Every structure is written in structure tokens, then in C-alpha cells.
Amino acid sequence: MNRLKSDFFEKPAINLAEDLLGKMLVRKTDKGLIKGKIVETEAYVGEEDLACHARFGRTERNKAMYGKGGLVYIYLIYGMYYNFNIVAGAEHVPEAVLIRALEPIEGIKLARENLKNYGRVRADKDILSGPGKLCAALNLDKSFYGEDIASSKKIWLEDIGGAKPVVEKSKRVGIDYADIYADKLWRLSIKGNKFVSK
DNA sequence: ACATGGATTCGCT
DNA sequence: GCGAATCCATGTT
């Protein structure tokens, strides 16, 4: 396997968000492996980005974002969903990439089990599409906060090669309050991929 | 301590 | 396309 190491994450969030498209996210649970290809991401770009959780500076909640590239920044939203982010850039630079959707590759049955008490899921394409669902399906929670994805035994990324995907850019979701930053095209997806959310 | 509101999702129209 | 569900962590909204 060709695992991504720390240096891969030491770049601005916008570049990382693009480079992560087409990479394989691997989650090792005690019941087996779940693999999915990243097809949709969003970049959150530091304290001046009014949609970024770092917009009020460093707090207890967002401190992982100030860590080195490759750390996991996970948080609870709407009191019921987790959102999974990978920290980008150098230490002290609060940038991160939200993983919004995966194309299921392996461990689909296991992912469905994890979603059992979640809501109704119909097709395979609905299992990992959407940041909240994706976390539930991969069994990701607060215990992954600050985990280093470059060295963790429970979650990591692999470069599976292949052609560089065609990237589609659009506005980020659910951040209308972010003024001019609400219009930035910092949501990236693989053009035409069925597994992109929404 | 406590009010506030959110990087969502599903189901109904 | 819209509204409700739902509840924890945050704290210049």
C-alpha cells in the first residue's frame, strides 16, 4: 500500500482539498475494514475565513486545527452528527479540509450495520454521502480528536494512483452567515461522480 | 451555570 | 424545496 505521510498534508487547505479527491480513506474497526474513495471535500481556510471554526481564534474546541497537517479535527454538530476534518498546513495555521462524501469500495455491509440506528438508508450511494452519515458509517467519534492520520492504526489514507480526477468547484454548504466567504468556491468534488452528496 | 445555535439529515409536499 | 428533529459544547454569532 501507498500510505500518505505527514508531508502530504503540509499544504494550504484549498490545495489539500483538491489533492484528497480520489484518495482512499481506510478505516480499521475491530469488525473489519471499511474503504471509501474521497469524492467530495470542503476547504476551511484560517481565521479570516468567516465560515471556519477558527474565526474567533483558538479555543478548546478547535485547537486541533492549529496542530500539524494530518491531524483529525472532529466535532459534534446539531447535537447529533459528527463532522470529520483533516488538518492542513503547518503547525499554528488553522486550516482544515472537511470530508463530505466517499464512494464505498469495501466493507459496505459493515458500514450499513454502523448506520443501523441512524435513519433509513436505501442505495449504496447513500451510505457515505454527507459528512454526518460518513462519520456514523465509519464509526468515527470524539475519541478520534487529534489522531494523526499519518500514523494511526485505526484510520489512514492511501494513494491508489489513477488519473487525476476532473474537479468541480461549488459553494460550501450551510454557511450562509459567512458573508463574502459564503460565496467562495471552496467545495470540491469529482465531476460527475454519483456518490457526491445532495 | 445556562442560554444559544449549528460545516446536517430525513421525510413530506 | 422546506421544516422539524435534537442536544452538546461553546462562550465577540
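Order of the sequence lines fixes the chain letters, A, B, ..., with proteins taken first and strands second; residue numbering starts at 1 for each chain. Because the structure is predicted, anything quoted here is derived from the model rather than measured. Worth knowing before you read on, the calculation uses all heavy atoms, side chains too, and leaves out hydrogens, waters and symmetry mates.
- Using atom C1' as the reference point in both C:dT6 and B:dT13, the two lie 23 Å apart (nearest Å).
- Separating the CG atom of A:Leu128 from the C1' atom of B:dT8 is a distance of 16 Å, rounded to the nearest angstrom.
- Residue A:Lys63 contributes atom NZ, which lies 13 Å from atom C1' of C:dA9 at whole-angstrom precision.
- Protein atom OH of A:Tyr81 is 5 Å distant from nucleotide atom C1' of B:dT8, rounded to whole Å.
- Comparing B:dA7, C:dC8, C:dT10 by their closest approach to the side chain of A:Arg61 singles out C:dT10.
- Heavy-atom contacts from other residues, nucleotides or ligands closer than 6.0 Å to NZ of A:Lys11 number more than 12.
- Base pairing of B:dA7: no nucleotide in any strand meets the Watson-Crick or G-U wobble criterion (both distances under 3.5 Å).
- The nucleotide whose nearest atom lies closest to any side-chain atom of A:Phe56 is, among C:dT13, B:dA7, B:dC10, C:dT13.
- Using cut-offs of 30° and 60° on the angle between ring planes, the pair A:Tyr181 and A:Trp186 is tilted.
- Taking hydrophobic clusters as Ile, Leu, Val, Met, Phe, Trp and Tyr residues chained together by side-chain heavy-atom distances below 4.5 Å, A:Ile149 shares a cluster with A:Tyr145.
- Taking 3.5 Å as the limit, the base of C:dA9 and the side chain of A:Tyr75 contain no donor-acceptor pair of atoms between them.
- Aromatic pair A:Tyr75/A:His53: centroids less than 6.0 angstrom apart.
- Here the C1' atom of nucleotide C:dA9 and the CG atom of A:Leu76 are 8 Å apart, to the nearest Å.
- Heavy-atom distances under 4.0 Å link DNA chain C to no residue of residues 171-192 of chain A.
- Nucleotide B:dA1 forms no Watson-Crick or G-U wobble pair with any nucleotide shown, as no partner meets the under 3.5 Å limit on both distances.
- By the criterion of side-chain heavy atoms lying less than 4.5 angstrom apart, applied directly or through intervening Ile, Leu, Val, Met, Phe, Trp or Tyr residues, A:Val196 is grouped together with A:Ile38 in one hydrophobic cluster.
- Distance NE2 (A:His53) to C1' (C:dA9): 11 Å, rounded to an integer number of Å.
- Side-chain contact check for A:Asn83 versus A:Ile74: every heavy-atom pair is 4.5 Å or farther apart.
- Between the side-chain ring of A:Tyr78 and the base of C:dA5, no stacking contact exists by the 5.5 Å and 30° definition.
- B:dT8 and C:dG11: their C1' atoms are spaced 23 Å apart (whole Å).
- Taking atom P on both C:dA9 and B:dC10, the two are 22 Å apart, rounded to the nearest angstrom.
- The pair A:Asp49-A:Arg55 does not count as a salt bridge, with every side-chain nitrogen at least 4.0 angstrom from each carboxylate oxygen.
- The side chain of A:Tyr44 has B:dA7 as its nearest neighbour among C:dG11, C:dT6, B:dA7.
- Looking at the side chain of A:Tyr73, the nearest of the listed nucleotides C:dT13, C:dC8, B:dA7 is B:dA7.
- With salt bridges taken as basic N to acidic carboxylate O contacts below 4.0 Å, one links A:Glu40 and A:Arg187.
- Taking the charged nitrogens against the carboxylate oxygens, A:Arg27 and A:Glu106 have no contact shorter than 4.0 Å, which rules out a salt bridge.
- Look at C:dT6: it lacks any Watson-Crick or wobble partner with both distances under 3.5 angstrom.
- A:Arg58 has its CZ atom 17 Å from the C1' atom of C:dA9, to the nearest Å.
- Side-chain nitrogen and oxygen atoms of A:Lys142 include none within less than 4.0 Å of the OP1 or OP2 phosphate oxygen of C:dA9.
- Taking atom P in both C:dT12 and B:dA7, one finds a spacing of 15 Å when rounded to whole Å.
- Atoms CG (A:Leu134) and P (B:dT9) sit 9 Å apart, rounded to a whole Å.
- When the side-chain nitrogen and oxygen atoms of A:Arg100 are compared with OP1 and OP2 of B:dT8, one or more of them lie within a distance under 4.0 Å.
- We find that OH of A:Tyr82 is positioned 17 Å from P of C:dT6, with the value rounded to whole Å.
- If A:Asn62 and A:Gly79 are placed on DNA chain C by their nearest nucleotide, the residue sitting closer to the 5' end is A:Gly79.
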